[in-house]
Every structure is written in structure tokens, then in C-alpha cells.
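Computed from a prediction, not measured in an experiment: that's the story for all the values here. Chain identifiers are assigned alphabetically (A, B, ...) following the order of the sequence lines, protein sequences preceding nucleic acid strands; residue numbering begins at 1 within each chain.
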Amino acid sequence: MADFSLDSSFIPALHKPSALLPIAKHRESLLYVVETFPVTIVIGQTGSGKTTQLPQYLDSAGWCADGKIIAVTQPRRVAATTVAVRVAEELGCEIGKEVGYSIRFEDLTSSSTRIKFMTDGLLIREALVDPLLTRYSVIMVDEAHERSISTDILLGLLKKIRRKRPELRIIISSATLQAEQYLQFFTEGEDSSQSKENDSLANDICTIVSIEGRTFPVDVLYLEKPAEDYVEKAIETVFDIHSQEGEGDILVFLTGREEIDNAVQAVSERAIDLNSRLGRLQPLPLYAGLSTEQQMYVFDQLPDGTRKVVFSTNIAEASVTIPGIVYVIDTGFVKLRAYDPRTGIESLTATPVSQASASQRAGRAGRTKPGKCFRLYTEDDYQSLPKANVPEIQRSNLAPVILQLKALGIDNIVRFDFLTSPPAELVAKALELLYSLGALDEYAKLTRPLGSRMAELAVEPMMAKTLLSAESFGCLSEILTIAAMTSLGGSVWFHHEGERKRMESSRRKFAVEEGDHLTLLNVYQAFVTKGKKEAKFCHDHNLNYKSLSRAVSIRAQLKRYLERFGITVDESLASREQGADNNKKTEQIRRCLTAGFFAHAARMQPDGTFRNVEGGTILHAHPSSLMFNRKADWVIFHEVMEAGEKKMIRDITKIEKDWLLEYGAEFYTVSKKG
DNA sequence: GCTCTTGAT
């Protein structure tokens with residue numbers, strides 16, 4: 001194959017000699033600062049080179065002597081891998097040798113690794129084995145301003161570790177807004193042994209360094225008066241830009257799939273009437289629910305004279321970078337997850353963005369040349385927006401986090417040094433659930449072996465309990481599969497536009513009367529046996545190949561954990577059983593699920609809706625569930641989420657009422673008191 | 001009756 005092309009004969013922009021990056025001239029001062037201060041906060045805009053260059057500077061300055069490692073954490077897997085590959089190239093080494101990465105299911109490091117990129121969640125798990133993270137001389141936490149739960153927890157742990165390891169160097173990279181907050185976090189409580197007016201000691205711990213970025217200016221424009229319908233206004237603005245502004249692609253931020261699909265359709269319909277002098281408009285959708293190949297379209301180079309318009313969720317705000325965007329339209333909304341500790345119900349609602357998000361969105365217009373950002377709200381509206389989003393830790397179900405903290409030896413959750421403390425109700429609710437599952441005892445101490453094992457398994461507490469009960473119900477192999485399948489979060493089925501009927505009938509072929517969990521089990525077993533784990537099988541049956549392959553990895557990993565606990569998994573039982581044996585097995589699986597999910601129980605009413613156990617909450621079966629159009633009595637479900645006015649439950653299985661008392665007696669007696 | 005913002009172990 002001829003390998004000559006324009007692409008390969010030029011050096012891509014990413015691989016500019018690193019001496020040209022803005023960070024290069026700060027090299028000496030950065031090294032001095034890291035040498036002098038245990039904690040360094042680096043404020044660096046996109047394109048400053050902090051993530052790729054700083055670890056190399058540290059390495060050459062000797063921070064990897066004695067076999068110590070420089071760790072750089074990222075909130076996302078792709079970031080960890082792509083940055084690692086790039087740094088390896090710059091250093092001219094093979095990935096996995098001096099420079100490596102480690103993410104779930106993929107560890108490309110070796111004994112010679114000196115710079116290691118990884119997800120922050122994985123580093124937290126390493127602390128379970130090595131509480132002081134002694135392998136690392138420097139830990140750099142990148143993208144800390146995103147305030148994900150794992151980043152927040154990691155920062156709390158690092159503050160604690162630092163007191164016992166004064167030689168450890170911590171680097172936090174953050175956007176401007178929060179820098180002071182990190183400084184305060186790492187200095188407060190550190191000078192208690194000294195006199196209080198002595199500020200200089202605090203200043204010895206932590207310092208802030210700013211590095212200029214390499215982006216182009218973006219003009220920000222506001223509406224004079226608020227828009228009535230932001231989707232319609234966004235579409236009109238697309239056509240205004242197309243007829244009045246120069247070349248360049250457009251990125252529009254909307255809140256979800258429905259809005260995006262509608263907008264894409266509206267633009268293609270109205271584009272037919274365009275004056276031919278203007279050139280074509282090509283609208284494209286972008287959201288996480290699309291398959292990988294559909295997502296790739298946004299990177300396609302379009303013919304000259306065609307303008308690309310990408311309608312996206314906030315996936316384009318930080319996770320996906322589309323080259324060539326010159327115009328951004330920001331509708332000012334994002335869907336955010338929230339959790340109500342009183343009902344245990346998560347909700348998903350469109351919320352105004354924060355100023356930080358708005359500026360991140362605007363920045364997407366200035367990556368290749370000067371750009372413009374059209375904010376579909378007034379400047380006054382902007383001023384009244386919150387500075388930053390509410391951190392995830394303040395609006396999530398904390399049961400998994402608290403279980404993990406307990407396993408790390410942090411008994412007193414309330415006294416843990418959180419960057420931002422979670423509300424007391426969230427903590428109380430999580431403790432209550434963990435107690436009812438048997439993970440914590442009456443003194444809120446982690447139980448052994450149950451609680452510590454639950455913490456080690458990479459699934460949420462209710463499923464972890466189910467897994468660890470499965471051996472006694474004689475259905476371990478099946479529950480392993482169900483745990484892997486439910487952790488995919490509903491991405492098992494897949495359909496192209498207009499193929500919904502086809503998908504429904506595919507789904508019916510795998511349906512099992514008792515409910516969604518057994519149906520998922522059926523799908524998995526068909527995929528690995530008849531389907532030979534091949535993409536074609538998925539394609540033929542409207543299944544998501546990427547998800548099912550992931551389920552295979554997750555299942556294997558969970559199985560390894562169980563074997564490490566000394567629990568043997570007998571796979572011979574997993575083969576299809578017939579007749580009475582099969583019914584008995586099915587009942588054991590349903591009982592076992594109840595042992596973990598008793599807190600998620602409901603009863604179907606004559607009208608087909610569900611009520612929770614207390615009776616006060618109306619729940620609807622999610623349209624993806626078998627129970628959406630079938631009869632049932634008592635059921636347990638994996639998840640409940642409020643979207644719009646409806647509270648919907650998904651992954652539903654029929655159970656017997658008596659089982660709830662048999663396996664969840666504690667929970668229901670406690671609930672009655674409250 | 002008709003569907004999920006985004007990440008992660």
C-alpha cells in the first residue's frame with residue numbers, strides 16, 4: 001500500500017515542537033515551585049501544554065529517581081489514553097514502557113514506567129491496596145475544575161496523605177474560577193500547631209501558577225430580550241450566521257436527544273429553500289447515546305462550500321472536541337442529574353448553565369481561529385447565573401462513595417475533608433441503605449467480609465450485595481451476567497432512525513416472562529454462544545455490540561474479584577436448563593435479586609402504573625421494559641429516574657411479596673418508624 | 001402509554 005499522502009508528509013499541529021508551547025518558558029519556575037511547595041495549583045487554559053509537558057519536565061528533573069512514578073489523573077478514559085500516547089511519541093518511547101497508562105480493563109504500564117496517566121477513579125482504588133500511594137513521587141490531578149465525585153474524593157484523600165508523606169508533590173490543574181478554593185482547601189487546618197496569625201506557613205504549603213493558553217479570541221454576543229423558544233431561536237440563529245457571517249462550522253448546545261433530533265430535522269427541511277448562492281448546510285446530531293460510527297460523522301471533512309452544523313449535548317463541552325468550529329450557539333441550558341434523598345429518586349431536568357460552563361462553551365469557537373459565540377439569553381441573565389455547577393457530590397446518591405471511603409479506613413464520614421461537604425441528608429440516606437444491606441454494622445463500621453467485599457466490587461452496593469448472595473442461592477454464574485448487563489445502563493438495545501418497530505420485535509425474541517433481568521441474561525447467553533461474541537449477531541438483532549463486548553469484560557472482572565474472595569464460579573450450571581429445573585433456577589435468581597434490591601420494590605396497579613411500598617409515589621415502567629405492556633404484581637427494579645413529570649423504573653423483575661420481608665425485613669421495619 | 005445529560009471502578 002502506498003503510504004504517501006499529504007497527511008503523512010506534514011507534521012500535524014498536535015506535534016509542534018514542544019519548545020513552542022506557552023508552557024516552555026515557565027519550565028524553570030515550575031520546577032522551582034514544585035520543588036519548594038508540596039501543593040501546586042496550575043491554572044492553564046486549553047492548549048497551554050500543561051498535561052503533556054509538565055510530567056516530562058518533572059521526569060527530567062529527577063522526580064522519578066528511586067523508581068518512583070509521576071501519576072497524572074484524568075476524569076475520562078479517552079483523555080488518559082490519548083495524552084499518554086502523545087507523550088510517549090514526544091519522548092520517542094514505546095507506549096507502556098517509560099510512559100504508560102492505566103484505565104479499567106487496560107493496563108499499559110511496566111516496571112520501567114516513570115510517567116503514568118490514569119483515570120482518577122482508578123487511583124482511588126489503588127489506595128485500597130496502598131493507602132499512602134507510596135509508588136508515586138508526584139500526583140497531578142488534571143481537570144479538577146470539573147468537580148466529578150472521584151476528583152473531589154481524590155483531593156480529600158491527597159490532603160490526608162500529604163500529612164503523612166511530606167515529600168509527596170501534588171499538582172492540581174484547574175480553571176481560573178476555582179483556583180483560590182483549592183489553595184484554601186490545602187492550606188486550611190495545616191497551621192493549627194502554629195500561631196494563628198502566622199500566615200506564612202500556610203503560604204509555604206501551596207501556591208498558584210498561571211500559564212497562558214493558546215486559543216483565539218471569541219466575541220460573545222447576547223440577546224437583547226430573552227427568547228421564548230430557545231430551540232427555535234437556535235435554528236433561526238443558524239440561518240442568520242449562514243447568510244451573514246464568514247466561513248466556519250457551527251456548534252449548537254441543546255439539552256438532549258429529542259431536541260437535537262428535532263433541530264436536525266428542522267434545519268434539513270428549511271435548508272432546501274436556501275438561496276443557492278449561500279452554499280449548503282449540513283446539520284448533524286451529537287450525543288452519547290449515538291453509536292460510535294454515528295458520532296464520527298461530526299469529524300468528517302465536508303465538501304467546500306458546505307457548512308457543518310453540529311447540534312450537541314454538553315458532550316461537546318469537554319469530552320469531544322470538534323475541529324473547525326468558528327461559531328457557537330449557546331442556548332444556556334443543560335440537563336443535570338439530581339438526587340432526592342427523601343424519595344431516593346434521581347431526576348434529570350434542564351437547568352440553566354453556570355458561568356463556567358458558558359465560558360467553556362464559548363471557548364469551543366476559538367480553537368482554530370477567532371470565533372463568535374451567540375448566547376441565546378441576555379447579559380443580565382448571564383450575570384445572574386451561578387458561577388459554577390453544584391459539585392456532583394452534593395447532588396448524587398452517596399452510597400457507593402461512602403462504602404468506598406469506609407473501605408479506605410475513613411470511619412467518620414462527616415469529618416472527612418471534603419472540598420465541598422455533601423448535605424447531611426444525603427449522607428444519612430446512604431448510611432441507612434448500607435446498614436440495611438449489611439455492609440455496615442450498627443456503629444456504622446464496615447462489616448467483614450461482606451462490607452469490605454462489597455466495596456471492592458466495581459458495581460453499586462445493591463448489586464454488590466446481590467452478587468455476594470448469589471452463591472447461597474445457587475445462581476452465581478447467572479447473577480454475574482445480570483450484574484454485568486445492568487451496569488451497562490440501558491445501552492443494550494440499539495436502533496437506527498425509523499427502525500423502532502424492528503428493534504421491538506428483536507427485543508421480543510429474547511423476552512422472558514419473569515422480567516428484564518432474565519431477558520438480559522438471555523441476551524448475553526445468546527451473544528456468547530450462538531452469536532460467538534461477533535458484531536454481526538448484534539447487527540442482526542438490534543443489539544449494541546460495543547455494550548455487549550463491554551459486558552463480557554465486566555463479567556470477567558467481577559468473576560476475578562469473586563475468585564479472589566475464594567468464591568468459585570461454576571460455569572457449567574450456566575448452560576440452559578430445561579423444564580422444572582429451569583423454573584427453580586429462575587426463582588432462585590429472582591429471590592437473589594430481591595436480597596439486594598428490596599429497597600427498590602413496587603406493586604403494579606390495575607391501571608398498569610406502579611406504586612412504591614409506602615404507596616405515595618406513582619411509578620411508570622420505562623418503555624424499554626417488558627413490564628411496559630405486561631401485567632405484574634410485586635416487582636423489584638434496578639433504577640428509578642424522574643424525567644419530565646414521570647418517575648420511571650427500568651430493569652424490572654417480578655417477585656413475591658413475602659420475599660421482601662424475608663430479605664429486607666430490617667429495611668422495611670426501619671422505614672415504618674420513619 | 002412511548003424513552004437518558006455526562007462520566008467512572
Open item on the list: Whether A:Ser319 contacts B:dG7 is assessed here as follows: a side-chain N or O lying under 4.0 Å from the phosphate OP1 or OP2. Is that the case?
Closed with: yes
TODO: Scan A:His620, A:His600, A:His517 and name whichever one has a ring pair (Phe, Tyr, Trp, His ring centres under 6.0 Å) with A:Phe637.
DONE: A:His600
Task: A:Tyr382 six-ring centre to A:Arg375 NZ/CZ under 6.0 Å and within 45° of normal - done: yes
TODO: Return the nearest nucleotide to the side chain of A:Pro623; candidates are B:dT5, B:dT3, B:dT9.
DONE: B:dT3
Open item on the list: It should be established whether A:Arg337 places a side-chain nitrogen or oxygen under 4.0 Å from OP1 or OP2 of nucleotide B:dG7.
Closed with: no
Task: Protein-nucleotide distance (A:Gln74, atom CD; B:dA8, atom C1'), rounded to Å - done: 13 Å
Open item on the list: At 4.0 Å (heavy atoms only), tell me whether A:Arg650 reaches a base, stays on the sugar-phosphate, or touches nothing.
Closed with: base
Open item on the list: Counting only side-chain heavy atoms from C-beta out, which of B:dT9, B:dC4, B:dC2 sits nearest to A:Phe628?
Closed with: B:dC2
- [ ] Decide whether a cation-pi geometry holds between A:Arg361 and A:Phe253; the criteria are a distance under 6.0 Å from NZ or CZ to the six-membered ring centre and an angle within 45° of the ring axis.
- [x] yes
Open item on the list: Need one value for A:Asn629: base, sugar-phosphate or nothing, where a base atom within 4.0 Å counts as base even if backbone is also close, heavy atoms only.
Closed with: base
TODO: Identify whether any heavy atom of A:Ser624 sits under 4.0 Å from a base atom; if not, whether one sits that close to sugar-phosphate; answer base, sugar-phosphate or nothing.
DONE: nothing
- [ ] Ignoring backbone atoms, establish whether A:Lys646 has a side-chain N or O less than 4.0 Å from OP1 or OP2 of B:dC2.
- [x] yes
Task: Rounded distance (Å) that lies between atom C1' of B:dC4 and atom CD of A:Glu259 - done: 13 Å
Task: Minimum heavy-atom distance between A:Ala511 and A:Arg630, given as atom pair plus value - done: CB-NH2, 3.9 Å
- [ ] Rounded to the nearest angstrom, tell me the gap between atom CG in A:Leu254 and atom P in B:dT5.
- [x] 11 Å
